[in-house]
2 protein chains.
Amino acid sequence: MAPRPRKPAARGRKGDVAADEAVYGAIRRVMHMGRLSPGTKLQEPVLARVLKVSRERVRKALHRLVHEGWLTAVPNRGTFVPALSVEEMRDIYDVRTMLEEAIVRRLSDRPGSQVMQRLKAHIAEERTANRRNDRGRLFALSGEFHILLAELCDNEELTKLLRGLLTRSTMHFSLAAPQRLHDCAGPHEHGDIVQAILDGKPERASKLMLAHLHGLVALQSTRPAAQTVSLDEAFRDVSPIRSRA
Amino acid sequence: MAPRPRKPAARGRKGDVAADEAVYGAIRRVMHMGRLSPGTKLQEPVLARVLKVSRERVRKALHRLVHEGWLTAVPNRGTFVPALSVEEMRDIYDVRTMLEEAIVRRLSDRPGSQVMQRLKAHIAEERTANRRNDRGRLFALSGEFHILLAELCDNEELTKLLRGLLTRSTMHFSLAAPQRLHDCAGPHEHGDIVQAILDGKPERASKLMLAHLHGLVALQSTRPAAQTVSLDEAFRDVSPIRSRA
DNA sequence: ACTTGACGTAATGTGCACATTATTTTACCA
DNA sequence: TGGTAAAATAATGTGCACATTACGTCAAGT
């Protein structure tokens, strides 16, 4: 009763179910780029102003990110980029090892023709990026390789889980990491794993994957000092929707 | 400007950070009890009235449950108890197999004294419940066994992941399931797995776990017709806080 | 008699205003 | 001048009102 005179009309525009995904993806993308150093406080008004959306939209996205483990929320304090402890890092890589060893074992048991084809195509892409010294592309491909292995198992749940683990484990890779990634691991180890799968050698593939992940966790330790930037700079050109990481 | 005359004061009571966990746990508990048949629509006003909380509180809990995969949300339609397809069920059990095979392998490699003690204590509890024909207790213990194995690996991430998988896979166990669980699997298979771990036989433990999970997924198929009850009845005596499942 | 259209009702989604709490600034005193 | 306390400021948390959308009902037309 007694309707207020204001409130003209047409507020939420149209079916903006994609707006949620947009802000969610934007924050996720910035984190994936490593622009946010651990401990950074993601304050809602700033994000709302930068992303040109309402505060509640930002709020919902932050809650989702917290639930998924990518951010940590302190009651009445705010939402922060988590500083993964060495124990958490070890835990994540241990679970990754369990899953990915099982994955390569399964793929080695019955390497179908489509599996072989996609694996060889991916390795070829990595080799190309390596030859051209395209660090960024190689970095992206290195992550997608592990996702590809999960996808080839034809298990949605597995793919989703591994996606989360991989994102959280490579989140804090600094911008200097691709250099070392190029020097040390590179597409060489990936190629060996694929070769073992194609040869139908589960135990060899499993061993190689274990060694590969051990090498990655060693790389993680050597990250330079985190450069603290303001939120406005971090979210400069991340407004559009694009594809999901 | 122009502050409305109403709005007396003292609205949000006190630090009610526990209220969120309360409604979250209440819904989760009802689902765990199997009172909600797949396809049931969880409407916010009803839950708010039954649980004696505001609609926004219910809303937040539902969003969290959706993000964690225990409910599915259809935009502008509502939140529903998911009817897991056979493919999703297969996927979940496949991932569980991967993780739990790795778990028992790891535990078999170096069974510490504390590990041995807790495992034997758990098996003793299961035997007691089985002897007393306490179906409910045995059902709960059967689930906790798998969680216990994960906890003994001393990996928080692993425990959290397996908790989610197990809850989702045993969520739709009907009330008649404990009967068959008692007849078929029972504490016998669990005891064999523990024995293999204590003997330090990783391959045998892994094989037993694989067979055990295969048996469980076979049990899942034989669930009776879902009894549809109203939300008011389902949430009858689930208001208090209690412990988390 | 069955289908199709419009209308009424109820539930979901969202912006907004306010209360509460933490943080920073400032003023005062030892 | 350094330290402490209090006020100001800003950010988070939440209830509420309203818009939008879907569902159920009924009536009219073919």
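Worth saying up front: this structure is predicted, and the values here are computed from it rather than measured.
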Checklist entry - Side chain of H63(B), backbone of R59(B): donor and acceptor closer than 3.5 Å? => result yes
Checklist outcome for this item: Looking only at dA22(C), dT12(D), dT14(C), the nucleotide nearest the R77(A) side chain is dA22(C)
Checklist entry - Taking the side chain of S54(B) as its heavy atoms from C-beta onward, which of dG15(D), dT21(C), dA22(D) lies nearest to it? => result dG15(D)
Find the distance [X]:[atom1] to [N]:[atom2] and express it as a whole number of Å.
| X | N | atom1 | atom2 | value |
| --- | --- | --- | --- | --- |
| R59(B) | dA11(C) | CZ | P | 14 Å |
| L71(A) | dT12(D) | CG | C1' | 15 Å |
| E21(B) | dG13(D) | CD | C1' | 16 Å |
| E44(A) | dG15(C) | CD | P | 14 Å |
| N76(A) | dT12(D) | CG | C1' | 6 Å |

Item to check | Given DNA chain D, 5'-ward residue of the pair E56(B) and K41(B), judged by closest heavy atom | outcome: E56(B)
Next on the checklist: Salt bridge check, R168(B) against E88(B): does any charged N sit closer than 4.0 Å to a carboxylate O?
Outcome noted: no
Next on the checklist: If you compare every side-chain N and O of R55(B) against the phosphate oxygens of dG15(D) (OP1, OP2), does one of them come in below 4.0 Å?
Outcome noted: no
Checklist entry - dT14(C) phosphate, OP1 or OP2: any side-chain N/O from K60(A) under 4.0 angstrom? => result yes
Checklist entry - What nucleic acid atoms does Q43(B) come within less than 4.0 Å of, heavy atoms only: base, sugar-phosphate, or nothing? => result sugar-phosphate
Item to check | Polar contact flag, side-chain donor to acceptor under 3.5 angstrom, E100(B)-H146(B) | outcome: yes
Checklist entry - Is there a side-chain contact between L42(B) and L65(B) (heavy atoms, below 4.5 Å)? => result no
Checklist entry - Is there a donor on the side chain of R57(B) or the base of dG13(D) sitting less than 3.5 Å from an acceptor on the other? => result no
